[in-house]
Amino acid sequence: MEPIPFIKMHGLGNDFVIIDGRERLPELSGTALRAIADRHRGVGYDQLIVMEPGNSAAAIFMRIYNADGSEAEACGNATRCVAHLLMQESGTQDVIIETRAGLLVGTRNDHGDIVIDMGKPKLEWQEIPLSQPEDTAHVRLEVGPLADPVAVNMGNPHAVFFVDEAEAINLEKWGPVAETHPLFPEKANISVVSKMNEGEFRLRVWERGVGITLACGSAACATMIAANIRGLADKAARLHLNGGPLDMRIDENGHIFMGGAIATSFRGFLDTDLFKGAA
């Protein structure tokens, strides 16, 4: 196997290994994915992205893998990074990207930030999915200090807990407990949120299949929707994540838009040694 070229990018510290598989798809087993994700012996990432040939409407299909080797349906910050690469390549200011969650549209705003239309949320209990009927605006769930979340599907399942002080929650302890609760048959991304000033929130995220992350775009979208459901936010807000701020907006059609900074860290090649013994 020849070394595989990759680009390391991040959105507010939410980091990605991006592989262009449009001409040749890489052979990535779960073992290989976990080896690449190892921050000591591999490259390290929250998600690994493979750009695959898209359908007629999309520039590419974006396949998303978590650090534990599982496949994810959506990732907002990764979509912003990939949109930037595709716009650079084509010289355009917009792009359509296909994911397992559907088609996502990316644009570059006047400030140079990449903004993604993440579409409409799904809010029915079967769509999250939950294992039993629940009012998704007030889910009957209590995990340690966390209770009464809003459940949202933004292409992947989310539970958003509003708390007095997000920093005070031991997310490393309670995040994995909530993620794997029997109520979530496909597990869930867990967000803890506290209100700061008007229109501003502090958000910390335990990401399904990853752990605590510096930022999570789909969790930011889920939080914005949840804050609107609870009457805590208007149609625009700024969310402060560990890695920095994301600007959120809900339009008149119920679509949620997410914008913020992205950056390229470095380019390199995945050595074949990372794939030895992969199965």
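The model shown is predicted, which means the values in this text are computed figures rather than measured ones. Atoms considered below: every heavy atom in the structure, side chains included; atoms not considered: hydrogens, waters and symmetry mates.
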Checklist entry - More than 12 heavy atoms of other residues, nucleotides or ligands under 6.0 Å from CD of Glu198: is that the case? => result no
Next on the checklist: For the backbone of Val50 and the side chain of Tyr65, can you confirm whether one donor and one acceptor N or O come within less than 3.5 Å of each other?
Outcome noted: no
Next on the checklist: Minimum heavy-atom separation for Cys75 and Ile64, please, with both atom names.
Outcome noted: N-CD1, 3.7 Å
Next on the checklist: Between Val192 and Val160, is there a side-chain heavy-atom distance shorter than 4.5 Å?
Outcome noted: no
Checklist entry - Stepwise, does the side chain to side chain donor-acceptor pair (under 3.5 Å) test hold for Thr92 with Asp94? => result CA-CA 6 Å; Thr92 61; Asp94 57 76; 5.2 Å; no
Checklist entry - Can you find a heavy atom in the side chain of Arg140 that is under 4.5 Å from one in the side chain of Glu134? => result yes
Checklist outcome for this item: All heavy atoms of Ser131 vs all of Pro185, minimum pair found to be N-CD, 3.8 Å
Checklist entry - Linking I/L/V/M/F/W/Y whenever their side-chain heavy atoms sit closer than 4.5 Å, directly or via other members, would Ile256 and Val105 fall into one cluster? => result no
Checklist entry - With side chains defined as the heavy atoms from C-beta onward, is the minimum distance between Phe16 and Cys81 less than 4.5 Å? => result yes
Item to check | Full working for salt bridge (Lys or Arg N to Asp or Glu O under 4.0 Å) between Asp251 and Lys120 | outcome: CA-CA 10 Å; Asp251 75 1; Lys120 291 183 176 181; over 6 Å; no
Checklist entry - Which is it for Ile190 and Phe161 under the side chain to side chain contact (heavy atoms under 4.5 Å, CB included) test, yes or no, and what are the steps along the way? => result CA-CA 8 Å; Ile190 306 302; Phe161 293 87; 3.9 Å; yes
Checklist entry - Got Lys8 and Val43 here, is their nearest side-chain heavy-atom distance under 4.5 Å? => result yes
Item to check | Atom of Val95, atom of Ala59 and distance for their closest heavy-atom approach | outcome: CG2-CB, 3.7 Å
Checklist entry - Under the 3.5 angstrom rule, does the side chain of Asn153 hit a backbone N or O of Glu127 as a donor-acceptor pair? => result yes
Next on the checklist: I'd like to check Leu123 versus Val152 (side-chain heavy atoms, cut-off strictly below 4.5 Å). Are they in contact?
Outcome noted: yes
Checklist entry - Is the backbone of His111 close enough, under 3.5 Å, to the side chain of Asn109 for a donor and an acceptor to pair up by distance? => result yes
Item to check | Linked, directly or transitively: Ile18 and Leu214 (ILVMFWY side chains, under 4.5 Å) | outcome: no
Checklist entry - Yes or no on side chain to side chain contact (heavy atoms under 4.5 Å, CB included) for Val82 and Ile60, after CA distance, side-chain angles and deciding distance? => result CA-CA 10 Å; Val82 169; Ile60 63 154; 3.5 Å; yes
Checklist entry - Between Asp15 and Gly11, is there a donor-acceptor pair closer than 3.5 Å when you use the side chain of the first and the backbone of the second? => result no
Checklist entry - Does Arg204 reach the main-chain N or O of Ile169 with its side chain, forming a donor-acceptor pair under 3.5 Å? => result yes
Item to check | Spacing of CG belonging to Leu104 relative to CD belonging to Glu98, to within rounding of 0.5 Å | outcome: 10.0 Å
Checklist entry - Taking Lys195 for the side chain and Ala233 for the main chain, is one N or O donor matched with an acceptor at less than 3.5 Å? => result no
Next on the checklist: Are more than 12 heavy atoms, taken from residues, nucleotides or ligands other than Phe269, located less than 6.0 Å from that residue's CZ atom?
Outcome noted: no
Checklist entry - Any donor and acceptor pair, going by atom type alone, linking the side chain of Arg208 with main-chain N or O of Asn156 inside 3.5 Å? => result no
Next on the checklist: Hydrophobic clusters here meaning ILVMFWY residues chained together by side-chain heavy-atom distances under 4.5 Å, can you tell me if Ile229 and Leu203 are in one?
Outcome noted: yes
Checklist entry - With sequence neighbours left out, which residue pairs that include part of residues 169-189 fulfil the side chain to side chain donor-acceptor pair (under 3.5 Å) condition? => result Glu179-Trp206
Next on the checklist: Could you measure the distance from the CG atom of Asp113 to the CE atom of Met258? Nearest 0.5 Å is fine.
Outcome noted: 11.0 Å
Checklist entry - Should we say atom CZ of Arg100 is surrounded by more than 12 heavy atoms from elsewhere, each under 6.0 Å from it? => result yes
Checklist entry - Of the non-hydrogen atoms in Asp46 and Gly13, which two are nearest, and what is the gap between them? => result OD2-O, 4.0 Å
Item to check | Interatomic spacing from CG in Leu246 to SG in Cys216 - rounded to 0.5 Å | outcome: 9.5 Å
Checklist entry - Which pair of non-hydrogen atoms, one from Leu239 and one from Ala220, has the smallest distance, and what is that distance? => result CD1-O, 3.3 Å
Next on the checklist: Tell me if a side-chain donor or acceptor on Glu200 pairs with a main-chain N or O of Asn197 at a distance below 3.5 Å.
Outcome noted: no
Item to check | Closest approach of Arg80 to Ile116 (non-hydrogen atoms, all atoms of both residues) | outcome: CG-CG1, 3.3 Å
Checklist entry - Is there a side chain to side chain donor-acceptor pair (under 3.5 Å) between His158 and Ser218 once you walk through the steps? => result CA-CA 8 Å; His158 291 266; Ser218 61; 3.1 Å; yes
Next on the checklist: Between Arg22 and Glu52 (salt bridge meaning N to carboxylate O under 4.0 Å), is one present in this structure?
Outcome noted: no
Next on the checklist: To the closest 0.5 Å, what do you measure between CD (Glu167) and CG (Asn242)?
Outcome noted: 7.0 Å
Item to check | Gap between atom CD1 of Ile262 and atom OG1 of Thr264 - 0.5 Å precision | outcome: 6.0 Å
Checklist entry - Sequence neighbours excluded, which residues qualify as side-chain contact (heavy atoms from CB on, under 4.5 Å) partners of Ala215? => result Leu12, Asn14, Asn77, Leu241
Checklist entry - Should Ile7 and Leu33 be regarded as members of a common hydrophobic cluster, given that ILVMFWY residues are connected when their side-chain heavy atoms come within less than 4.5 Å of each other, either directly or indirectly? => result no
Checklist entry - Is there a side-chain contact between Leu48 and Phe6, using heavy atoms and a 4.5 Å cut-off? => result no
Checklist entry - Below 4.5 Å, heavy atoms only, C-beta onward: do Met248 and Cys221 meet side chain to side chain? => result yes
Next on the checklist: When you measure from the side chain of Ser90 to the backbone of Leu86, do you find a donor-acceptor pair of N or O atoms at a distance under 3.5 Å?
Outcome noted: yes
Item to check | Verdict with supporting geometry, Thr136 and Ile128, side chain to side chain contact (heavy atoms under 4.5 Å, CB included) | outcome: CA-CA 9 Å; Thr136 58; Ile128 303 302; 4.1 Å; yes
Item to check | Between CG on residue Leu25 and CZ on residue Arg63, distance to nearest 0.5 Å | outcome: 8.0 Å
Checklist entry - Hey, are the side chains of His240 and Phe201 touching, using non-hydrogen atoms and a 4.5 Å cut-off? => result no
Item to check | Flag, side chain of Asp117 to backbone of Gly119, donor-acceptor distance under 3.5 Å | outcome: yes
Next on the checklist: Salt bridge check, Asp234 against Arg249: does any charged N sit closer than 4.0 Å to a carboxylate O?
Outcome noted: no
Checklist entry - If Ile, Leu, Val, Met, Phe, Trp and Tyr residues are connected whenever their side-chain heavy atoms lie under 4.5 Å apart, and connections chain through other members, are Phe162 and Ile225 in the same group? => result yes
Item to check | Pair Met87-Ile114, side chain to side chain contact (heavy atoms under 4.5 Å, CB included): steps then yes or no | outcome: CA-CA 10 Å; Met87 288 183 215; Ile114 305 298; 4.2 Å; yes
